[in-house]
Amino acid sequence: MFVDCTGSRSVLLGKYLQVPFVDLRGESINDFATAIQVPYLSDDAEIASATVATAQSSGWTWDIGLSSRRGVGYVYSSSHISCDQAEVELRNYIAKSVGSSVAGELSSKTIPIAAGHREIFWKKNCVAVGMAAGFIEPLEASALALVELSANMIRDELPMSSAALEIVAERFNSIFRYRWQRISEFLKLHYVLSERRDTPYWRDVTDPERVPDSLKRLLELWKYRAPHYNDMLHVEEIFPAASYEYVLFGMGYHQSRIGRASDNVEAGKQLIAETLRSSERYIAAMPSNRDLLARISQFGLQKI
Ligand SMILES: Cc1cc2nc3c(=O)[nH]c(=O)nc-3n(C[C@H](O)[C@H](O)[C@H](O)COP(=O)(O)OP(=O)(O)OC[C@H]3O[C@@H](n4cnc5c(N)ncnc54)[C@H](O)[C@@H]3O)c2cc1C
């Protein structure tokens, strides 16, 4: 049994076993990423506790606070912006926090992204895990989640006899084909809900022609009610109904479309106020992210 974990080169499954690549660039048009490591300006600079994703003219930037530096990058479509121009836009974003002289001196790395996945992931005695199986784009960090799900399924299902290998491979392929389809749709959801139309990129990326029919149908359904677990076909969904709710509510999809009884709105307002009060109490009692990371680095994580 061979596990192909050679990244996007897919040496065993793609090159040796010649499993075709399903190209998803029609749906996901981001095909490059430029990354820059950004230093903190002082030893006690605040460390953000969440990744900040910001829409840009031809894609989006990630901004990740690590303990020693920030990891910042721009994922974009090279049909809408050149790699050089994207780097300028990225440096302008970075300059807002560290100044243009620091932002101008940092070195950058540009990585091509071929959005898509292999037609099947397990063939004969070879199963691909991670980027060897496919990759769409870094939004929602689904790649590492898929690595974990693949490893779990290989552990649970690896047959004792080669006679059952084909059956297990078939099951693995059908489950992961479904997961790739769900990931592709969930990523697309982030773009289609945007009301930005100010650049050719945002007009193209929100074009209804590029939205898969299955997502269109769900969006139509969700105009009249919130996502429900019945909308998801599997028990172990990579993005369950709640994930869709976070994105839909965050983008104001329901507020603008579903008329609600006023008592529900009042109850909702009360719940939101209570949640805000509890989060303020919790935040006041918590260390800053930098303090917490320093303590973990010095003493390790508390044993449960
Ligand atoms: C811009 C960008 C941002 C990303 N952000 C995220 C994110 O936020 N969250 C997330 O989950 N994922 C993210 N990913 C995907 C992420 O890279 C993967 O989740 C993870 O690195 C995949 O690991 P991997 O082992 O499959 O591939 P890789 O990390 O590419 O490792 C493959 C390894 O195989 C080696 N190799 C190749 N050929 C051979 C050979 N013939 N012999 C021996 N070794 C070989 C390579 O040298 C490499 O070390 C991102 C990807 C990109 C491009």
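Since the model is a prediction, treat every value here as computed from it, not as a measurement. Counting convention: from 1, in listed order, for ligands and their atoms alike. Residue numbers run from 1 in the order of the sequence given.
Listed by number with element, the atoms of ligand 1 under 4.0 angstrom from any heavy atom of Trp62 are 1 (C). In summary, the atoms of ligand 1 found under 4.0 Å from a heavy atom of Gly130, numbered by their order in the structure, are 26 (O).
A salt bridge links Arg225 to Asp231: at least one charged side-chain nitrogen sits closer than 4.0 Å to a carboxylate oxygen.
With a heavy-atom cut-off of 4.0 Å, Cys5 touches ligand 1 through its backbone alone. Only the side chain of Arg9 comes within contact range of ligand 1, with a heavy atom under 4.0 Å; no backbone atom does.
For the 3.5 Å distance criterion, the side chains of Ser214 and Glu185 qualify, holding a donor opposite an acceptor.
Under a 3.5 Å cut-off, the side chain of Arg70 and the backbone N or O of Val38 do not form any donor-acceptor pair.
Considering backbone and side-chain atoms together, Leu144 places an N or O closer than 3.5 Å to an N or O of ligand 1. Distances between N or O atoms of Ala132 and those of ligand 1 include no value under 3.5 Å.
Between Phe176 and Phe172, the distance separating the two ring centers is shorter than 6.0 angstrom. Taking the six-membered ring for Trp and the full ring otherwise, Tyr244 and Trp222 have centroids separated by under 6.0 Å.
Side-chain contact between Met232 and Arg182 is present, with heavy atoms from C-beta onward closer than 4.5 Å.
Residue Gly73 places every heavy atom at 4.0 Å or more from ligand 1.
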